[in-house]
Peer 1: 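Quick one: this structure, given as C-alpha coordinates, is what I'll be asking you about.
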Amino acid sequence: MPELPEVETIARGLRKGALGECLTGVEVRHRGVLIGSAEEFASQLQNQRLVAVRRKGKVLAVELRTSNGGVPRYLVVRLGMTGQFTVVPRHAPVEPHTHVRLLLGGGKNELRFRDIRRFGRLRCCTREELEAVLRELGPDAQEMTEEQFLGAMRGRRGAIKSWLMNQRLLAGLGNIYADEALFAAGIHPLAQPRRISRQAASRLFKAVRKVLDRAVRLGGTTFSDYLNAEGRPGAFLAKLRVYQRTGEACRRCRQAIRRIVIAGRSCHFCPRCQPRPRNVASMRGPRN
DNA sequence: GCAAGCCTGACC
DNA sequence: GGTCAGGCTTGC
(Lines give C-alpha, C1' and ligand atoms only; values in the text may rest on other atoms or scores of the structure.)
Protein backbone atom coordinates (compact mmCIF):
# COMPACT_ATOMS: atom_id res chain seq x y z
CA MET A 1 0.00 0.00 0.00
CA PRO A 2 1.39 3.37 -0.83
CA GLU A 3 2.21 5.11 2.45
CA LEU A 4 4.84 7.79 2.98
CA PRO A 5 7.90 5.71 1.96
CA GLU A 6 6.24 4.44 -1.19
CA VAL A 7 5.02 7.89 -2.23
CA GLU A 8 8.45 9.38 -1.48
CA THR A 9 10.05 6.69 -3.65
CA ILE A 10 7.70 7.51 -6.50
CA ALA A 11 8.41 11.24 -6.10
CA ARG A 12 12.15 10.57 -6.40
CA GLY A 13 11.58 8.39 -9.45
CA LEU A 14 9.52 11.08 -11.14
CA ARG A 15 12.19 13.69 -10.48
CA LYS A 16 14.69 11.40 -12.14
CA GLY A 17 12.55 10.19 -15.01
CA ALA A 18 10.07 12.90 -15.93
CA LEU A 19 11.16 16.32 -14.60
CA GLY A 20 11.52 18.93 -17.33
CA GLU A 21 9.33 16.98 -19.73
CA CYS A 22 6.26 18.47 -21.36
CA LEU A 23 2.83 16.81 -21.34
CA THR A 24 1.95 16.53 -25.02
CA GLY A 25 -1.10 14.30 -24.76
CA VAL A 26 -3.65 13.21 -22.18
CA GLU A 27 -5.76 10.10 -22.43
CA VAL A 28 -8.43 9.50 -19.78
CA ARG A 29 -9.57 5.91 -19.97
CA HIS A 30 -11.62 5.90 -16.79
CA ARG A 31 -12.92 9.24 -15.64
CA GLY A 32 -14.01 7.87 -12.27
CA VAL A 33 -10.47 8.31 -10.94
CA LEU A 34 -10.54 12.05 -11.63
CA ILE A 35 -11.78 14.81 -9.37
CA GLY A 36 -13.54 17.21 -11.74
CA SER A 37 -14.38 16.78 -15.41
CA ALA A 38 -12.18 14.78 -17.78
CA GLU A 39 -12.33 17.54 -20.40
CA GLU A 40 -11.02 20.17 -18.00
CA PHE A 41 -8.41 17.77 -16.66
CA ALA A 42 -7.06 17.08 -20.14
CA SER A 43 -7.12 20.65 -21.37
CA GLN A 44 -5.43 21.99 -18.25
CA LEU A 45 -2.58 19.46 -18.42
CA GLN A 46 -1.97 19.80 -22.13
CA ASN A 47 1.38 21.46 -22.99
CA GLN A 48 2.42 21.90 -19.37
CA ARG A 49 5.98 21.17 -18.30
CA LEU A 50 6.82 19.20 -15.14
CA VAL A 51 8.96 21.58 -13.10
CA ALA A 52 8.87 20.12 -9.57
CA VAL A 53 7.60 17.15 -7.59
CA ARG A 54 6.38 17.69 -4.04
CA ARG A 55 5.06 15.31 -1.40
CA LYS A 56 3.27 15.75 1.90
CA GLY A 57 2.22 12.61 3.73
CA LYS A 58 0.76 10.34 1.07
CA VAL A 59 -0.13 13.19 -1.28
CA LEU A 60 1.99 13.69 -4.39
CA ALA A 61 1.89 17.04 -6.19
CA VAL A 62 3.56 17.64 -9.55
CA GLU A 63 4.08 21.32 -10.28
CA LEU A 64 3.41 22.27 -13.89
CA ARG A 65 4.15 25.37 -15.91
CA THR A 66 3.64 26.33 -19.51
CA SER A 67 6.80 27.20 -21.45
CA ASN A 68 5.99 30.93 -21.27
CA GLY A 69 5.88 30.79 -17.47
CA GLY A 70 2.62 32.04 -16.06
CA VAL A 71 0.55 30.66 -13.22
CA PRO A 72 1.54 27.18 -12.03
CA ARG A 73 -0.89 24.30 -12.02
CA TYR A 74 -0.60 21.14 -9.96
CA LEU A 75 -1.30 17.54 -10.75
CA VAL A 76 -2.31 16.08 -7.38
CA VAL A 77 -2.08 12.31 -7.04
CA ARG A 78 -3.47 10.17 -4.25
CA LEU A 79 -2.60 6.55 -4.83
CA GLY A 80 -5.23 5.04 -2.53
CA MET A 81 -4.61 1.39 -1.93
CA THR A 82 -3.40 -0.09 -5.22
CA GLY A 83 -2.44 2.96 -7.25
CA GLN A 84 0.64 2.98 -9.48
CA PHE A 85 2.16 6.03 -11.14
CA THR A 86 4.92 4.98 -13.47
CA VAL A 87 7.10 6.24 -16.30
CA VAL A 88 6.98 3.63 -19.07
CA PRO A 89 8.01 3.42 -22.73
CA ARG A 90 5.19 4.80 -24.83
CA HIS A 91 4.72 1.58 -26.79
CA ALA A 92 4.75 -0.76 -23.80
CA PRO A 93 1.55 -2.85 -23.63
CA VAL A 94 -1.19 -1.02 -21.76
CA GLU A 95 -2.02 -3.12 -18.73
CA PRO A 96 -5.58 -3.60 -17.49
CA HIS A 97 -6.77 -0.94 -14.98
CA THR A 98 -4.63 1.75 -16.62
CA HIS A 99 -6.91 4.75 -16.17
CA VAL A 100 -4.85 7.72 -17.33
CA ARG A 101 -1.96 8.08 -19.80
CA LEU A 102 0.09 11.27 -20.02
CA LEU A 103 2.37 11.46 -23.03
CA LEU A 104 5.76 13.03 -22.40
CA GLY A 105 7.21 15.41 -24.96
CA GLY A 106 10.51 13.58 -25.24
CA GLY A 107 8.63 11.02 -27.33
CA LYS A 108 10.00 7.87 -25.72
CA ASN A 109 7.97 7.66 -22.55
CA GLU A 110 4.65 8.33 -20.92
CA LEU A 111 3.29 8.58 -17.39
CA ARG A 112 0.64 6.05 -16.50
CA PHE A 113 -1.80 5.96 -13.63
CA ARG A 114 -2.97 2.42 -12.99
CA ASP A 115 -5.18 1.46 -10.06
CA ILE A 116 -6.88 -1.90 -9.66
CA ARG A 117 -9.23 -0.90 -6.85
CA ARG A 118 -9.74 2.67 -7.98
CA PHE A 119 -9.45 4.19 -4.52
CA GLY A 120 -6.84 6.54 -5.93
CA ARG A 121 -7.64 9.98 -7.36
CA LEU A 122 -6.01 12.43 -9.76
CA ARG A 123 -6.80 16.11 -9.83
CA CYS A 124 -5.48 19.13 -11.66
CA CYS A 125 -5.73 22.29 -9.62
CA THR A 126 -4.42 25.74 -8.78
CA ARG A 127 -1.88 26.58 -6.11
CA GLU A 128 -4.68 27.78 -3.81
CA GLU A 129 -6.59 24.52 -4.24
CA LEU A 130 -3.45 22.48 -3.60
CA GLU A 131 -2.77 24.44 -0.45
CA ALA A 132 -6.31 23.81 0.76
CA VAL A 133 -5.73 20.06 0.24
CA LEU A 134 -2.43 20.15 2.14
CA ARG A 135 -3.91 22.22 4.99
CA GLU A 136 -6.24 19.31 5.77
CA LEU A 137 -3.18 17.24 6.61
CA GLY A 138 -1.19 17.32 9.82
CA PRO A 139 2.61 17.75 9.67
CA ASP A 140 4.44 15.29 7.45
CA ALA A 141 5.54 12.35 9.60
CA GLN A 142 9.17 12.77 8.55
CA GLU A 143 9.27 16.50 9.23
CA MET A 144 7.22 16.67 12.41
CA THR A 145 9.14 17.72 15.52
CA GLU A 146 8.99 15.76 18.75
CA GLU A 147 7.19 18.69 20.41
CA GLN A 148 4.50 18.66 17.72
CA PHE A 149 4.17 14.90 18.06
CA LEU A 150 3.78 14.96 21.83
CA GLY A 151 1.44 17.94 21.65
CA ALA A 152 -0.83 16.23 19.13
CA MET A 153 -1.16 13.21 21.44
CA ARG A 154 -2.30 15.25 24.41
CA GLY A 155 -5.81 14.44 25.59
CA ARG A 156 -6.57 12.04 22.75
CA ARG A 157 -8.85 9.07 23.37
CA GLY A 158 -9.29 6.02 21.21
CA ALA A 159 -6.50 3.70 20.16
CA ILE A 160 -2.96 4.93 19.51
CA LYS A 161 -3.05 2.85 16.33
CA SER A 162 -5.97 4.92 14.97
CA TRP A 163 -4.23 8.09 16.10
CA LEU A 164 -1.10 7.20 14.11
CA MET A 165 -3.21 6.68 11.00
CA ASN A 166 -5.20 9.91 11.34
CA GLN A 167 -3.87 12.03 8.47
CA ARG A 168 -5.20 15.23 10.02
CA LEU A 169 -2.87 14.76 12.98
CA LEU A 170 0.21 13.45 11.25
CA ALA A 171 0.49 12.71 7.58
CA GLY A 172 2.03 9.63 6.02
CA LEU A 173 1.37 6.51 8.08
CA GLY A 174 -0.94 3.75 6.92
CA ASN A 175 -1.54 0.30 8.30
CA ILE A 176 1.89 -1.17 7.61
CA TYR A 177 4.08 1.51 9.18
CA ALA A 178 1.68 2.19 12.06
CA ASP A 179 1.93 -1.47 13.10
CA GLU A 180 5.69 -1.51 12.59
CA ALA A 181 6.30 1.71 14.55
CA LEU A 182 4.20 0.50 17.50
CA PHE A 183 6.20 -2.72 17.58
CA ALA A 184 9.49 -0.85 17.43
CA ALA A 185 8.37 1.33 20.36
CA GLY A 186 6.96 -1.60 22.35
CA ILE A 187 3.52 0.00 22.63
CA HIS A 188 0.23 -1.89 22.51
CA PRO A 189 -1.98 -0.70 19.62
CA LEU A 190 -5.00 -0.19 21.89
CA ALA A 191 -3.13 2.07 24.33
CA GLN A 192 -4.77 5.50 24.63
CA PRO A 193 -2.60 8.42 23.48
CA ARG A 194 -3.51 10.53 26.55
CA ARG A 195 -2.37 7.76 28.90
CA ILE A 196 0.94 7.01 27.22
CA SER A 197 3.88 8.20 29.30
CA ARG A 198 6.10 10.92 27.97
CA GLN A 199 8.93 8.44 27.80
CA ALA A 200 6.93 5.93 25.75
CA ALA A 201 5.58 8.70 23.50
CA SER A 202 9.12 9.85 22.85
CA ARG A 203 10.07 6.29 21.99
CA LEU A 204 7.16 6.13 19.55
CA PHE A 205 8.20 9.39 17.90
CA LYS A 206 11.69 8.03 17.30
CA ALA A 207 10.30 4.68 16.12
CA VAL A 208 8.08 6.39 13.53
CA ARG A 209 11.09 8.27 12.16
CA LYS A 210 13.32 5.25 12.15
CA VAL A 211 10.84 2.93 10.46
CA LEU A 212 9.98 5.49 7.78
CA ASP A 213 13.62 6.41 7.09
CA ARG A 214 14.57 2.79 6.76
CA ALA A 215 11.62 2.03 4.48
CA VAL A 216 12.47 5.01 2.26
CA ARG A 217 16.05 3.75 1.97
CA LEU A 218 14.71 0.36 0.84
CA GLY A 219 12.26 1.85 -1.63
CA GLY A 220 9.10 1.02 0.33
CA THR A 221 7.11 -2.17 0.84
CA THR A 222 5.59 -4.20 -1.97
CA PHE A 223 2.87 -6.50 -0.73
CA SER A 224 0.90 -7.04 -3.89
CA ASP A 225 0.52 -4.02 -6.09
CA TYR A 226 2.94 -1.28 -5.15
CA LEU A 227 5.57 -0.32 -7.75
CA ASN A 228 7.86 2.69 -7.87
CA ALA A 229 7.94 5.16 -10.76
CA GLU A 230 10.24 2.83 -12.68
CA GLY A 231 7.80 -0.04 -12.26
CA ARG A 232 9.91 -1.90 -9.67
CA PRO A 233 8.88 -3.25 -6.25
CA GLY A 234 10.21 -2.08 -2.88
CA ALA A 235 12.39 -4.17 -0.57
CA PHE A 236 11.03 -3.38 2.90
CA LEU A 237 8.75 -6.45 2.93
CA ALA A 238 11.62 -8.58 4.24
CA LYS A 239 12.08 -6.16 7.16
CA LEU A 240 8.52 -6.29 8.47
CA ARG A 241 8.33 -7.37 12.11
CA VAL A 242 4.58 -7.70 12.64
CA TYR A 243 2.52 -6.57 9.66
CA GLN A 244 0.76 -9.58 8.08
CA ARG A 245 2.81 -12.01 10.20
CA THR A 246 -0.13 -13.33 12.23
CA GLY A 247 0.77 -16.59 13.98
CA GLU A 248 4.44 -16.37 13.04
CA ALA A 249 7.14 -16.08 15.69
CA CYS A 250 8.09 -12.59 16.87
CA ARG A 251 11.58 -11.89 15.59
CA ARG A 252 12.55 -10.52 18.99
CA CYS A 253 10.96 -12.96 21.48
CA ARG A 254 9.49 -15.85 19.43
CA GLN A 255 5.98 -15.28 20.80
CA ALA A 256 3.25 -15.72 18.13
CA ILE A 257 2.21 -12.44 16.46
CA ARG A 258 -1.46 -11.65 17.02
CA ARG A 259 -4.05 -9.92 14.91
CA ILE A 260 -6.93 -7.82 16.18
CA VAL A 261 -9.28 -5.37 14.47
CA ILE A 262 -9.23 -1.71 15.52
CA ALA A 263 -11.72 0.71 13.94
CA GLY A 264 -12.26 -1.74 11.10
CA ARG A 265 -8.57 -2.10 10.32
CA SER A 266 -6.51 -5.20 10.96
CA CYS A 267 -3.71 -4.67 13.41
CA HIS A 268 -0.72 -6.90 14.10
CA PHE A 269 1.37 -6.91 17.25
CA CYS A 270 3.47 -9.04 19.59
CA PRO A 271 1.62 -9.64 22.88
CA ARG A 272 4.90 -9.98 24.77
CA CYS A 273 6.92 -7.09 23.29
CA GLN A 274 3.85 -4.82 23.29
CA PRO A 275 2.18 -5.56 26.63
CA ARG A 276 -1.42 -4.57 27.18
CA PRO A 277 -1.82 -1.45 29.32
CA ARG A 278 -3.95 -1.80 32.46
CA ASN A 279 -6.67 0.51 31.20
CA VAL A 280 -7.38 -1.54 28.08
CA ALA A 281 -10.07 -4.20 28.25
CA SER A 282 -8.94 -7.73 27.56
CA MET A 283 -8.76 -8.81 23.97
CA ARG A 284 -11.54 -10.60 22.23
CA GLY A 285 -12.40 -11.20 18.63
CA PRO A 286 -10.65 -12.75 15.66
CA ARG A 287 -7.33 -14.34 16.27
CA ASN A 288 -5.99 -15.21 12.85
C1' DG B 1 -14.59 -12.75 3.16
C1' DC B 2 -10.70 -10.10 3.35
C1' DA B 3 -7.44 -6.40 2.17
C1' DA B 4 -7.28 -0.70 3.10
C1' DG B 5 -7.28 4.88 2.14
C1' DC B 6 -10.49 8.11 2.42
C1' DC B 7 -14.96 10.06 2.59
C1' DT B 8 -19.60 10.46 4.66
C1' DG B 9 -22.54 10.44 8.29
C1' DA B 10 -24.15 8.87 12.88
C1' DC B 11 -23.42 9.26 17.62
C1' DC B 12 -21.84 11.09 22.14
C1' DG C 1 -15.49 18.46 18.53
C1' DG C 2 -13.85 13.65 18.56
C1' DT C 3 -14.56 8.89 17.44
C1' DC C 4 -15.90 5.18 14.63
C1' DA C 5 -18.84 2.23 11.41
C1' DG C 6 -19.94 1.75 6.60
C1' DG C 7 -19.18 1.96 1.74
C1' DC C 8 -16.54 2.17 -2.25
C1' DT C 9 -13.50 -1.32 -5.31
C1' DT C 10 -11.46 -5.93 -7.34
C1' DG C 11 -8.57 -9.99 -6.97
C1' DC C 12 -7.30 -13.69 -4.27
Side-chain angles (χ1 to χ4, degrees), chain A residues 1-8 10 29-36 55-61 76-85 95-100 113-123 132-138 140-141 151-182 189-196 212 215 220-227 234 236-237 240 242-247 257-268 279-281 284-288:
Chain A
M1 320 321 132
E3 304 178 29
L4 186 152
E6 290 76 25
V7 180
E8 175 62 24
I10 290 172
R29 300 160 57 90
H30 190 116
R31 55 179 61 212
V33 302
L34 302 182
I35 294 173
R55 178 195 64 74
K56 182 178 184 188
K58 307 177 197 177
V59 173
L60 190 68
V76 178
V77 182
R78 285 180 188 258
L79 291 162
M81 185 179 169
T82 55
Q84 300 171 353
F85 199 57
E95 307 214 76
H97 311 294
T98 300
H99 305 311
V100 177
F113 177 68
R114 178 170 183 255
D115 185 6
I116 294 168
R117 290 186 199 164
R118 298 210 305 268
F119 282 15
R121 289 291 179 269
L122 298 189
R123 173 181 183 190
V133 168
L134 300 184
R135 259 199 310 275
E136 297 298 310
L137 301 174
D140 183 83
M153 274 177 69
R154 212 158 289 144
R156 291 284 170 163
R157 298 159 181 274
I160 184 67
K161 168 72 186 281
S162 305
W163 182 87
L164 279 173
M165 289 175 64
N166 185 339
Q167 304 299 303
R168 307 174 80 97
L169 299 173
L170 82 164
L173 295 205
N175 219 17
I176 296 176
Y177 300 110
D179 279 0
E180 293 298 317
L182 286 170
L190 285 173
Q192 288 193 42
R194 59 179 184 151
R195 300 206 179 163
I196 290 175
L212 292 177
T221 303
T222 296
F223 229 91
S224 52
D225 301 287
Y226 166 72
L227 298 175
F236 196 74
L237 181 69
L240 296 179
V242 285
Y243 183 76
Q244 288 287 346
R245 294 192 65 244
T246 309
I257 299 302
R258 285 194 55 187
R259 174 184 177 274
I260 58 175
V261 174
I262 299 175
R265 294 288 168 263
S266 69
C267 178
H268 314 79
N279 57 310
V280 169
R284 291 184 296 111
R287 274 186 196 230
N288 65 326

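Below, chains carry the letters A, B, ... as their sequence lines are ordered, and counting in each starts from 1.
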Peer 1: Nearest-Å distance, CG (A:Leu137) to C1' (B:dC6)?
Peer 2: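 So the two atoms are 11 Å apart, to the nearest Å.
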Peer 1: According to ring-ring contact (aromatic ring centres under 6.0 Å, His included), who are the partners of A:Phe236, at least two apart in sequence or on a separate chain?
Peer 2: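 Only A:Tyr177 meet the ring-ring contact (aromatic ring centres under 6.0 Å, His included) criterion with A:Phe236.
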Peer 1: Nearest-Å distance, CZ (A:Arg31) to C1' (C:dT9)?
Peer 2: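 For the pair A:Arg31 CZ and C:dT9 C1', the rounded distance is 19 Å.
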Peer 1: Run the side-chain hydrogen bond (donor to acceptor under 3.5 Å, both in side chains) test against A:Arg194 and tell me which residues pass, sequence neighbours left out.
Peer 2: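 side-chain hydrogen bond (donor to acceptor under 3.5 Å, both in side chains) check on A:Arg194 returns A:Gln192.
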Peer 1: Could you tell me which residues satisfy salt bridge (Lys or Arg N to Asp or Glu O under 4.0 Å) with A:Glu95, sequence neighbours excluded, listed by chain and number?
Peer 2: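 Applying salt bridge (Lys or Arg N to Asp or Glu O under 4.0 Å) to A:Glu95 gives none.
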Peer 1: Sequence neighbours excluded, which residues qualify as side-chain hydrogen bond (donor to acceptor under 3.5 Å, both in side chains) partners of A:Gln84?
Peer 2: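 Once residues adjacent in sequence are excluded, the partners of A:Gln84 under the side-chain hydrogen bond (donor to acceptor under 3.5 Å, both in side chains) criterion are A:Arg114.
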Peer 1: Residues in side chain to side chain contact (heavy atoms under 4.5 Å, CB included) with A:Arg31, at least two apart?
Peer 2: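 For A:Arg31 the side chain to side chain contact (heavy atoms under 4.5 Å, CB included) partners, ignoring immediate neighbours, are A:Val28, A:Ala38, A:Glu39.
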Peer 1: The criterion is ring-ring contact (aromatic ring centres under 6.0 Å, His included); which residues satisfy it with A:His99, sequence neighbours excluded?
Peer 2: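 Once residues adjacent in sequence are excluded, the partners of A:His99 under the ring-ring contact (aromatic ring centres under 6.0 Å, His included) criterion are A:His30.
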Peer 1: Taking side-chain hydrogen bond (donor to acceptor under 3.5 Å, both in side chains) as the test, write out the residues that go with A:Arg156, two or more places apart.
Peer 2: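 For A:Arg156 there are no side-chain hydrogen bond (donor to acceptor under 3.5 Å, both in side chains) partners, ignoring immediate neighbours.
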Peer 1: Tabulate atom names and distances for all N/O pairs under 3.5 angstrom spanning the protein and nucleotides 9-12 of chain B.
Peer 2:
none

Peer 1: List in chain and number order the residues that pass salt bridge (Lys or Arg N to Asp or Glu O under 4.0 Å) with A:Arg245, two or more places apart in sequence or in another chain; answer none if no residue qualifies.
Peer 2: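 Once residues adjacent in sequence are excluded, the partners of A:Arg245 under the salt bridge (Lys or Arg N to Asp or Glu O under 4.0 Å) criterion are A:Glu248.
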Peer 1: Between B:dC6, C:dT9, B:dC2, spot the one nearest the side chain of A:Phe119, thanks.
Peer 2: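 The answer is C:dT9, which lies nearest to the side chain.
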Peer 1: So for A:Arg78 and B:dG5, does any side-chain atom that can act as donor or acceptor lie under 3.5 Å from a complementary atom in the base?
Peer 2: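 Between B:dG5 and A:Arg78, which were checked side chain against base, a qualifying N/O pair under 3.5 Å is absent.
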Peer 1: Salt bridge between A:Glu3 and A:Lys58, side-chain N to carboxylate O under 4.0 Å?
Peer 2: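 No, A:Glu3 and A:Lys58 are not salt-bridged.
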Peer 1: With nearest nucleotide decided by heavy atoms, which residue, A:Gln244 or A:Gln167, maps closer to the 5′ end of DNA chain B?
Peer 2: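 The 5'-side residue here is A:Gln244.
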Peer 1: Just jot down the side chain to side chain contact (heavy atoms under 4.5 Å, CB included) partners of A:Lys161, sequence neighbours excluded, or say none.
Peer 2: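 For A:Lys161 the side chain to side chain contact (heavy atoms under 4.5 Å, CB included) partners, ignoring immediate neighbours, are A:Met165, A:Asn175, A:Ala178, A:Asp179, A:Leu182, A:Pro189, A:Ile262, A:Cys267.
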Peer 1: Find every protein N or O atom lying less than 3.5 Å from an N or O atom of nucleotides 10-12 of chain C, and list the pairs.
Peer 2:
residue: C:dT10; atom: OP1; partner: A:Arg118; partner atom: NH1; Å: 2.4
residue: C:dT10; atom: OP1; partner: A:Arg118; partner atom: NH2; Å: 3.2
residue: C:dT10; atom: O2; partner: A:Arg117; partner atom: NE; Å: 3.0
residue: C:dG11; atom: OP1; partner: A:His97; partner atom: NE2; Å: 2.8

Peer 1: Within the sub-3.5 Å range, which N or O atoms of nucleotides 1-4 of chain C have a protein N or O partner, and how far apart are they?
Peer 2:
residue: C:dG2; atom: OP1; partner: A:Arg156; partner atom: NH2; Å: 3.3
residue: C:dT3; atom: OP1; partner: A:Arg157; partner atom: N; Å: 2.6
residue: C:dT3; atom: OP1; partner: A:Arg157; partner atom: O; Å: 3.2
residue: C:dT3; atom: OP2; partner: A:Arg156; partner atom: NH1; Å: 3.0

